[in-house]
Structures are given as C-alpha cells and as structure tokens.
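Report on the structure given below.
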Amino acid sequence: MGTITRRRFIDGVAVGIAGAAVASTARSYAQILGANERVNFATMGLNGRGGAHLSALNSNKATARMAYCCDVDAKILAKFAAGAQKELGYAPIAEGDFRKALESKDVDAISIATPDHWHAPMAVLGLKAGKHVYVEKPSSHNPREGELLIAAQKKYGKLVQVGDQQRSSPLSIKIIQQIHDGSLIGRAYFAKAWYENDRKSMGIGKPVAVPDSLNWDLWQGPAPRSEYKDNIHPYNWHWLFRYGTGESLNNGTHEVDVCRWALEAGYPDRVTASAGRYAYKDDWQFYDTMVTSFEYPDKLISWEGKCCNGMKYYNRGRGSLIQGTNGSVVLDRTSYEIYDLNGKKIKEYSEKEAADTSDLIGRDSMTDAHFANFIAGIRTGEKLHSPIEIANVSVTILQLSNIAWMVNRELKLDNKTGHIVGDPEAMKHWGRSYEKGWEVTV
C-alpha cells in the first residue's frame, strides 16, 4: 500500500498511512504506525529549558516526536539523551552540531533553548532550512535581530512561536478576556510586573582551558570571539553583554508580555529605566535591580526586577498587577486575585502554589499547552498564541529598557516601529557586531 510522504502531510496534505512498529529509535520512527502524522522536532540547547521542551513533546506524543537533541557540550548532550530515551521510550539522535539536524529532511520543526545570542541566528537558519521554529524568549539578542527574524518568517513562510507560555494558560486567557471586555475591572490603564530571585555572585572568572566536552567555537557562534573563563558556561552567560540580555529579558519578558496583552498595548512612546549592579562586585555586567517604565498616551506599564533579593509582592515571586477604572487584578501563572476600587479583595482563585522563581527548567502544563498550540498550528493551521510578530514587541521594549539604562536617559520612540527617535547614540545599540562569517542574513 502506498503512502503520501510525511513532508507533504506536514505541509497540509491529507495522507493515508500503513505500517507497523518495528523499532524504537529515532532513525526508525518513520516506520512506526502514526509517525507520518507527527511533527518531528530537533531540540537545540539542552541544559535548562531543553528539559521543559522534552517534557512538552512527551506530553504531546500523539502529535509530536523528538527526532534529534543537540548540544555543543558532549556531557550535557549525553546526560540529556539518556534521560530522553528513558522518558520517551525511544532514543532521539544525539548531535553535537545542530546544523546536521537542519540538513535532515525528517525534521519538520526545531525548538531552541540555547543561550540568548543564538536564538535569532539559529531561528533564521532553521527557517532557511524549511523548518518551523519554536524559540524561547527572548527571541532575539537585540532589536535588529527581532526585525530580521520577522522578515525571515515572512520570506520563508514557516511558523515561529515564541516561548511566552502564559499566553497558552487557560486561566490567563480567561482573565485577560474578561479584562478586555470590561466586565472585570473596567478600562485597564496601568500594569505593574515584577520578578524576584536570590541569585548569588558569579565571581571573578579565571581564564582556563576549554573543557574537552565543550565546542567553545560553536557555543560562541555569532558572538565575537573571546577567551574561555570558568564562570560563563553553562548559566552565567545570562549576565554578560556578549551572550545574554539581563534579567529583564531572561524573566521580565513573561510578565511584561502579560501586561501588554492585558492592556492591548503595542510599542510605547517613551521608555525609561533605572538600574544597577548593587548586591555584588563581580563579572556580572548587567544590573541586579531594575525599574523600567513604558509610557503610552492613555496607559502605563512598569517592570521591577530584583535578582538578588527574595522579597515578594502579593506573596508572589513574579506576577502582574492590572489596574482599571473599576478595580484591579493580580495575576500570576497559577492564580489570580480580584480587588474592588478601594483595594478590597473580592475574589481569588489558585490552581496550586505560585511559581518558584528558582526553577530554571520550568516543566509545566503551560509549556505543554504552548507546544500543543504550535504543533496544531503546523498540522491544522490553528492560530498561534505567541507568533513572532506579536512576541517581538515585548522583547524589543525590554531591550530598549536595557538601552535606556546603558545611555542613562529616557528614550523617545516611533510607536509604529519601536525605533528610537532623535538619539543616534542610543540607536547604535539597536544591533550588534558579529564574528566574521556569522552575520544574520535573511
């Protein structure tokens, strides 16, 4: 009995399937009954959020499969691959160079959980290779890369979903819809978001030999080359300009995106930011404390980030306060509280305890649902909850917070494009320099 190729199915053509299960390795997945209907993923970057991607793909195993897992650190790769085989019941192909997965015609989509400086460059390479892309926030290292990723998505026609998973939370969808229809708190006009953690110092790094397990050249990829130090890999790159984007993009993106969603806000007219590295003196180049605001003609959003102090607001380590003409809502990933205009609590609901801000992987039902939405977008055309053109606004305005902090002044924006107006010095930070040969092109 003949079959239509799985590639044609993924592109939207109905298919008849015949076959029987014959093996449990990724190399034989195409012979397993039903494999032709699944979206086959290559997951790239396995140390942190890669674990949540594994969990999400296993949760969606009826419609998705991990064909490849990729990481430049052989130790991380081996550990992840062994765990994946145990969890999934089959063995994805373990690959140290993600480009080999991009070459595979068996891969339909990639999921990216690498360091930030790789997000947009890898996503664009994936689109060029004909793959759909799920990319963790921030979807770019700088505003220019966000523009390039949107242009690439439009050019190559594949889907790009950004990992703002709260947009797939049924609880958040319900509350945001009630805010939008005015039935909950009247007209919403102010939103305050926050994040706390008690991160410790990253210390002063020492130049050391690159570990034998690490492909340091490929790890750096698009970033200009520098010597390896013992306090960069696998996590503290977050706090270095060359690779990371600071806590505002590492975690603030989630709640600021919820605030924008609730207020139906695009690019603001003005961005201000005050911040500093106060808790420790070390190699950490970004701030550990930031207060930033996004000003609109008829609304205001603020975010407060505290990396090194665990003081919570509303007994939550992270969350969003949405205020309107008739009341307020406090919303996080698993609960909400509703207050009247005088600040009296009139309703509350909680699915479970508030999210733990020390959790660096984040296996949760929201991520599972966000992947389900992405997979359905590929298979059936379901509307994405966080497509790149929407998510990029939240990413860009927080990158602008970083720029406002760097130049130490308010930024005035073109609220249609997000571009900085009348400040050539600040606009110098719109993009970045690349290692020769690694420039992002569409």
Side-chain angles (χ1 to χ4, degrees), residues 137-139 143 146 162-195 248-249 251-273 290-305 313-314 316 318-333 335-341 343 346-347 366 383-401 404 410-419:
K137 52 82 226 147
S139 43
V162 178
D164 297 313
Q165 62 266 26
Q166 196 165 344
R167 292 235 180 192
S168 288
S169 161
L171 176 70
S172 296
I173 292 171
K174 171 188 171 183
I175 293 299
I176 297 296
Q177 183 55 54
Q178 291 178 4
I179 291 173
H180 288 173
D181 66 25
S183 63
L184 200 61
I185 58 171
R187 177 177 56 81
Y189 60 84
F190 173 63
K192 172 184 173 62
W194 66 91
Y195 175 83
S248 58
L249 279 301
N251 274 297
T253 317
H254 288 297
E255 279 71 36
V256 169
D257 186 65
V258 170
C259 292
R260 270 206 329 109
W261 183 20
L263 268 57
E264 300 180 273
Y267 287 113
D269 292 334
R270 292 188 297 276
V271 176
T272 62
M290 171 180 267
V291 178
T292 185
S293 295
F294 311 98
E295 299 179 30
Y296 301 82
D298 59 350
K299 60 196 71 172
L300 175 67
I301 296 173
S302 73
W303 179 76
E304 183 175 312
Y313 295 149
Y314 297 93
R316 292 164 166 84
R318 63 190 312 158
S320 305
L321 166 67
I322 315 298
Q323 295 187 320
T325 53
N326 294 333
S328 305
V329 176
V330 175
L331 175 66
D332 65 19
R333 295 176 169 189
S335 66
Y336 64 83
E337 298 174 358
I338 303 173
Y339 296 81
D340 66 16
L341 201 55
I346 56 177
K347 185 178 181 181
M366 287 189 307
K383 184 178 180 181
L384 295 186
H385 292 161
S386 188
I388 181 59
E389 65 273 14
I390 300 298
N392 183 65
V393 178
S394 298
V395 171
T396 298
I397 65 175
L398 281 161
Q399 290 166 341
L400 289 165
S401 296
E410 176 185 275
L411 303 180
K412 295 180 174 60
L413 308 183
D414 179 332
N415 62 21
K416 294 182 175 60
T417 66
H419 281 223

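Because the structure is predicted, anything quoted here is derived from the model rather than measured. All values below come from the heavy atoms of this structure, side chains included, with hydrogens, waters and symmetry mates left out.
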Does [X] reach the side chain of [Y], with side-chain heavy atoms less than 4.5 Å apart?
X	Y	value
Phe294	Val256	yes
Pro268	Leu413	yes
Lys174	Tyr336	yes
Tyr195	Ser248	no
Tyr296	Tyr189	no
Ile397	Arg260	yes
Tyr267	Val393	yes

**Item:** Stepwise side chain to side chain contact (heavy atoms under 4.5 Å, CB included) check, Gln399 with Leu249
**Value:** CA-CA 7 Å; Gln399 290 166 341; Leu249 279 301; 4.1 Å; yes
query = Checking Thr292 side chain against Trp303 main chain: does a donor-acceptor pair fall under 3.5 Å?
reply =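 Not a single qualifying donor-acceptor pair exists.
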### His180 side chain vs Trp261 backbone, donor-acceptor pair below 3.5 Å
yes
Note: Ser168 and His385 closest approach over all heavy atoms is OG-ND1, 2.7 Å
Residues at least two apart in sequence or cross-chain that pass side chain to side chain contact (heavy atoms under 4.5 Å, CB included) with Glu410, listed by chain then number, are Arg270, Thr272, Glu295, Lys412
Pick one: which of Ile176, Leu263, Ile175, Val330 meets side-chain contact (heavy atoms from CB on, under 4.5 Å) with Ile322?
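Single side-chain contact (heavy atoms from CB on, under 4.5 Å) partner of Ile322 among Ile176, Leu263, Ile175, Val330: Leu263.
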Arg316/Glu255 ion pair, N-O < 4.0 Å: no
Fill in: Donor-acceptor side-chain pairing of Ser386 and Arg167 below 3.5 angstrom
no
